[in-house]
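Encoded as C-alpha coordinates, the structure appears first; notes follow it.
Numbers here are sequence positions counted from 1.
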Amino acid sequence: MAQVERDSAPDGDMELYDLRVQVDRIDGRSVCGMRVGDYFELTDSAHLRLPEGRHFCVYALASVLPFLAAKQRDLATGDWLAQDSLFACPDPEERLIMRVERTCRRRMNSADLT
(Lines give C-alpha, C1' and ligand atoms only; values in the text may rest on other atoms or scores of the structure.)
Protein backbone atom coordinates (compact mmCIF):
# COMPACT_ATOMS: atom_id res chain seq x y z
CA MET A 1 0.00 0.00 0.00
CA ALA A 2 1.24 3.51 -0.78
CA GLN A 3 2.38 5.67 2.10
CA VAL A 4 -0.51 7.87 3.21
CA GLU A 5 0.28 11.48 4.06
CA ARG A 6 -1.94 13.64 6.23
CA ASP A 7 -3.15 16.92 4.73
CA SER A 8 -2.06 19.83 6.91
CA ALA A 9 -5.40 21.69 7.12
CA PRO A 10 -5.94 22.25 10.87
CA ASP A 11 -9.71 22.86 10.75
CA GLY A 12 -12.42 20.38 9.90
CA ASP A 13 -14.60 17.90 11.72
CA MET A 14 -13.91 14.77 9.65
CA GLU A 15 -11.17 13.00 7.75
CA LEU A 16 -11.33 11.28 4.37
CA TYR A 17 -8.74 9.57 2.19
CA ASP A 18 -7.99 10.59 -1.36
CA LEU A 19 -7.91 7.52 -3.61
CA ARG A 20 -6.19 6.35 -6.75
CA VAL A 21 -7.89 3.64 -8.83
CA GLN A 22 -5.36 2.08 -11.19
CA VAL A 23 -5.51 -0.72 -13.73
CA ASP A 24 -3.43 -3.44 -12.06
CA ARG A 25 -3.65 -6.07 -14.79
CA ILE A 26 -5.62 -7.17 -17.84
CA ASP A 27 -5.88 -10.94 -18.15
CA GLY A 28 -7.96 -10.86 -21.37
CA ARG A 29 -8.06 -8.42 -24.26
CA SER A 30 -8.52 -4.70 -23.69
CA VAL A 31 -11.83 -4.02 -25.40
CA CYS A 32 -12.10 -0.45 -24.08
CA GLY A 33 -8.54 0.60 -24.91
CA MET A 34 -7.28 0.91 -21.35
CA ARG A 35 -3.74 -0.17 -20.42
CA VAL A 36 -2.07 -1.41 -17.25
CA GLY A 37 -1.18 1.69 -15.24
CA ASP A 38 -4.15 3.80 -16.41
CA TYR A 39 -5.82 5.47 -13.44
CA PHE A 40 -8.12 8.10 -12.04
CA GLU A 41 -7.95 9.89 -8.71
CA LEU A 42 -10.75 10.75 -6.32
CA THR A 43 -9.75 13.79 -4.25
CA ASP A 44 -11.42 16.28 -1.91
CA SER A 45 -14.28 13.85 -1.26
CA ALA A 46 -15.84 13.95 -4.74
CA HIS A 47 -13.42 15.34 -7.37
CA LEU A 48 -12.70 12.80 -10.09
CA ARG A 49 -9.44 13.53 -11.93
CA LEU A 50 -8.01 11.86 -15.02
CA PRO A 51 -4.55 12.42 -16.48
CA GLU A 52 -4.50 14.77 -19.47
CA GLY A 53 -5.38 12.97 -22.69
CA ARG A 54 -6.36 9.67 -21.02
CA HIS A 55 -9.71 8.01 -20.47
CA PHE A 56 -11.21 5.50 -18.06
CA CYS A 57 -13.89 3.05 -19.16
CA VAL A 58 -17.30 4.00 -17.76
CA TYR A 59 -18.17 0.32 -17.12
CA ALA A 60 -14.98 -0.27 -15.12
CA LEU A 61 -15.71 2.96 -13.23
CA ALA A 62 -19.27 1.80 -12.51
CA SER A 63 -18.05 -1.48 -11.06
CA VAL A 64 -15.73 0.18 -8.50
CA LEU A 65 -17.83 3.28 -7.78
CA PRO A 66 -20.07 1.76 -5.06
CA PHE A 67 -17.00 0.95 -2.93
CA LEU A 68 -15.17 4.28 -3.12
CA ALA A 69 -17.13 6.10 -0.39
CA ALA A 70 -16.27 3.30 2.04
CA LYS A 71 -12.61 3.18 0.98
CA GLN A 72 -12.40 6.94 1.72
CA ARG A 73 -13.18 6.30 5.39
CA ASP A 74 -11.51 4.46 8.24
CA LEU A 75 -12.92 0.96 8.43
CA ALA A 76 -13.21 -1.40 11.37
CA THR A 77 -10.37 -3.84 11.92
CA GLY A 78 -11.31 -7.07 10.21
CA ASP A 79 -13.74 -5.43 7.77
CA TRP A 80 -13.33 -7.27 4.46
CA LEU A 81 -13.18 -3.98 2.55
CA ALA A 82 -10.24 -2.83 4.68
CA GLN A 83 -8.39 -5.96 3.51
CA ASP A 84 -9.37 -6.00 -0.17
CA SER A 85 -8.14 -3.48 -2.70
CA LEU A 86 -8.75 -5.29 -6.00
CA PHE A 87 -11.91 -4.86 -8.08
CA ALA A 88 -12.90 -6.37 -11.43
CA CYS A 89 -14.43 -4.79 -14.51
CA PRO A 90 -17.65 -6.62 -15.45
CA ASP A 91 -16.52 -7.34 -19.05
CA PRO A 92 -15.75 -11.09 -19.14
CA GLU A 93 -13.59 -10.74 -22.28
CA GLU A 94 -11.35 -8.15 -20.69
CA ARG A 95 -10.80 -9.51 -17.17
CA LEU A 96 -9.48 -6.09 -16.14
CA ILE A 97 -8.46 -5.79 -12.48
CA MET A 98 -8.23 -2.41 -10.71
CA ARG A 99 -6.38 -1.61 -7.49
CA VAL A 100 -7.74 1.05 -5.10
CA GLU A 101 -5.09 2.77 -2.99
CA ARG A 102 -5.33 5.51 -0.41
CA THR A 103 -3.00 8.37 -1.30
CA CYS A 104 -3.63 11.14 1.24
CA ARG A 105 -5.67 11.60 4.40
CA ARG A 106 -7.50 14.93 4.29
CA ARG A 107 -9.22 16.88 7.10
CA MET A 108 -12.45 18.40 5.81
CA ASN A 109 -15.52 20.29 7.02
CA SER A 110 -18.66 18.18 6.63
CA ALA A 111 -20.73 21.38 6.23
CA ASP A 112 -18.79 22.11 3.03
CA LEU A 113 -19.83 18.76 1.54
CA THR A 114 -23.59 18.74 2.19
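- Considering all non-hydrogen atoms of both residues, Arg29 and Ile26 come closest at C-CG2, 4.3 Å.
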Evaluate Glu41 against Leu19 for side-chain contact (heavy atoms from CB on, under 4.5 Å), listing each step before the verdict.
CA-CA 6 Å; Glu41 293 177 328; Leu19 304 174; over 6 Å; no
Begin from the C-alpha positions of Phe40 and Val64 and carry the test side-chain contact (heavy atoms from CB on, under 4.5 Å) through to its verdict.
CA-CA 12 Å; Phe40 70 86; Val64 74; 4.2 Å; yes
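- The CD atom of Gln72 sits 8.0 Å away from the CE atom of Met14 when rounded to the nearest 0.5 Å.
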Let me see the working for Thr43 and Arg49 under side-chain contact (heavy atoms from CB on, under 4.5 Å), right down to the final yes or no.
CA-CA 8 Å; Thr43 64; Arg49 302 181 193 282; 2.9 Å; yes
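- Here the side chains of Asp27 and Arg25 are in contact, with some heavy-atom distance below 4.5 Å.
- In the hydrophobic clustering of ILVMFWY residues, with side-chain heavy atoms under 4.5 Å counting as a link, Leu65 and Leu50 come out together.
- Salt bridge present: Arg105 and Glu15 bring a charged side-chain N and a carboxylate O closer than 4.0 Å.
- A side-chain donor-acceptor contact under 3.5 Å links Glu94 to the backbone of Val31.
- Atoms CZ and CD, on Arg95 and Glu93 in that order, are 7.0 Å from each other to the nearest 0.5 Å.
- Between Asp13 atom CG and Ser110 atom OG the span is 3.5 Å, to the nearest 0.5 Å.
- Summarising the geometry of Val23 relative to Arg35, their closest heavy-atom pair is CB-O, 3.5 Å, with the distance given to 0.1 Å.
- When each of Leu61, Val100, Asp38 is paired with Val21, the side chain to side chain contact (heavy atoms under 4.5 Å, CB included) condition holds for Val100 and for no other.
- Rounding to the nearest 0.5 Å places CG of Leu75 at 9.5 Å from CH2 of Trp80.
- Among the candidates Ser63, Cys57, Cys89, Pro90, the single residue satisfying the side chain to side chain contact (heavy atoms under 4.5 Å, CB included) test with Leu96 is Cys89.
- Shortest non-hydrogen contact noted between Asn109 and Gly12 is OD1-CA, 2.9 Å.
- Arg54 places none of its side-chain heavy atoms less than 4.5 Å from the side chain of Met34.
- Checked for salt-bridge contact, Arg20 and Glu101 miss the test: no charged N lies under 4.0 Å from a carboxylate O.
- Electrostatic pairing of Asp18 and Arg102 does not count as a salt bridge here, judged by no charged N lying under 4.0 Å from a carboxylate O.
- Considering only heavy atoms from C-beta on, His47 stays 4.5 Å or farther from Leu42 through its side chain.
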Determine, stepwise, if the pair Phe56 / Met98 fulfils side-chain contact (heavy atoms from CB on, under 4.5 Å).
CA-CA 11 Å; Phe56 206 89; Met98 296 163 284; 3.8 Å; yes
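- Leu68 and Leu86 fall into different hydrophobic clusters, where Ile, Leu, Val, Met, Phe, Trp and Tyr residues are linked whenever their side-chain heavy atoms come under 4.5 Å apart, directly or through other members.
- Note that the CG atom of Asp84 and the CZ atom of Phe67 stand 9.5 Å from one another [nearest 0.5 Å].
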